[in-house]
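Read the numbers this way: they start at 1 and go in the same order the structure lists the ligands and their atoms. What you see is a predicted model, and the numbers here were worked out from it, not measured in a lab.
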Amino acid sequence: MSHEDFDDRARQILRDNDRGGYTIPTRGLYPYQWNWDSAFAAWGFSSFDIDRAWTELETLFSAQWDTGMVPHIVFWKPDPGYFPGPDVWGAGQEPATSGISQPPVAAILARKIHAAYPDAGEPRLRALYPKLVAWHRWWHRDRSAEGVVAITHPWESGRDNCADWDPGMARVDGSGVGDYTRRDTGHVDASMRPSKQDYDRYLAILQFGRACGWDQAEIVANGPFYMADPAMTFILIRAHRDLAAIGRSLGEDVSEIESWCADLEAGLERIWNADLGAYDARDLRTGEFANCLGSGAFLGWLAGIENAEMEARLMAVWDGVRYGIPSNDPAASEFNPRRYWRGPTWPVVNALIAMGFADAGREAEEARLRRETVELIERGGFFEYFDPLDGTACGGDHFTWTAAIWLTWASPNARRI
Ligand code: GLC
């Protein structure tokens, strides 16, 4: 198949997963609108249908809470094939949503979508801007109290099952969650998915949020899980900068956004793990570091964070695999090349890291990461993620964000804006 054939297939995947105004990640496994998947879908659409790109973001933000939070899932239409669904979350919103958020990449990608077709996008960007500001204010108020971005559920990180969350998860009691039936293992082989013990704990954290009516102050103060995430911190620093740039271009006063960004930059030392020689996830209840070298630290480039010691460690991690940036260090005891976030590489995370490389002038690294990602997709198809050692395609097929980053970044025909 030629690159043009892959481009056609990628566009077809976005069309197939379009449910009318919003795009699902893939049929079966993920039948609703997911937050950061949608932002990537919008970016993908912008390569061939700019109007549809803006619609995707507008639909996502139409589910924004009064608090400013943009939820991690919007349950537009009931689908019994997914668990935990809207009744389990009990978030009391219309449309029904989950009760947590997901990586704030929307401002980063909205800026790129606008740059692709500035004139057409101006009114849409102007209308979206106050909603983006309200969401970023929520991140500042409800998730950045300690100067770093902290997550209240592993699913909030988007890197759901990473070894980064092991210290926090070990302290969660999942024994009282009651009976439930998982649906994910009906779509994908159980060896690629989180364990039963992990799932019990995910549900225990969810049940805490539900029991307090999703009161964020209570969740932050007393919730069963509260960990600082380097990836989220780097993503939000970058997103704040992009949002400030958008605001400036619209003639807005962006000093508030700049101050949020400065706070996060100043807080970075809290997640510097000197023993590891890298920024690291940290349990904020105990102070314990996760000691994980993986995709989280690699996202430092996205925020323009350069550090020679960390770079040497990270390049060794990358050289330890054949394809892409692994979600965990192949030398770590918990490394598993096929289990969800415990080793595999995600094309979409590679695209974000490559954005960082490109902006840092790291052309050789950017080209290498793109080459490796292209090879994975050409050999395995538009899958959710891949084994970084032998390139085996894993998880869901016909995947929206893999198609989206193909069109905008990986494809040799991409405009790469
Ligand atoms: C998984 C991923 C998450 C993603 C979702 C839909 O839960 O961990 O990041 O948003 O699937 O693709």
- For residues 392-416, pull every pair meeting salt bridge (Lys or Arg N to Asp or Glu O under 4.0 Å), keeping only residues two or more places apart or in separate chains. none
- ligand 1: protein residues within heavy-atom distance under 4.0 Å: P25, Y30, W34, W36, D37, Q102, G158, D160, Y340, W341, F399, W401
- Task: Find the distance between CZ (R238) and CG (L236) and round it off to the nearest 0.5 Å.
- Result: 12.5 Å
- Message: Whether the D7 and S411 side chains hold a donor-acceptor pair (N or O, under 3.5 Å, no angle test) is what I'd like checked.
- Response: yes
- Message: For W34, run the ring-ring contact (aromatic ring centres under 6.0 Å, His included) check against Y82, Y22, W155, F399 and tell me which one passes.
- Response: Y82
- Task: Enter the distance from R159:CZ to Y340:OH here, rounded to the nearest 0.5 Å.
- Result: 12.5 Å
- Is the W260 to W139 ring centre distance short of 6.0 Å? no
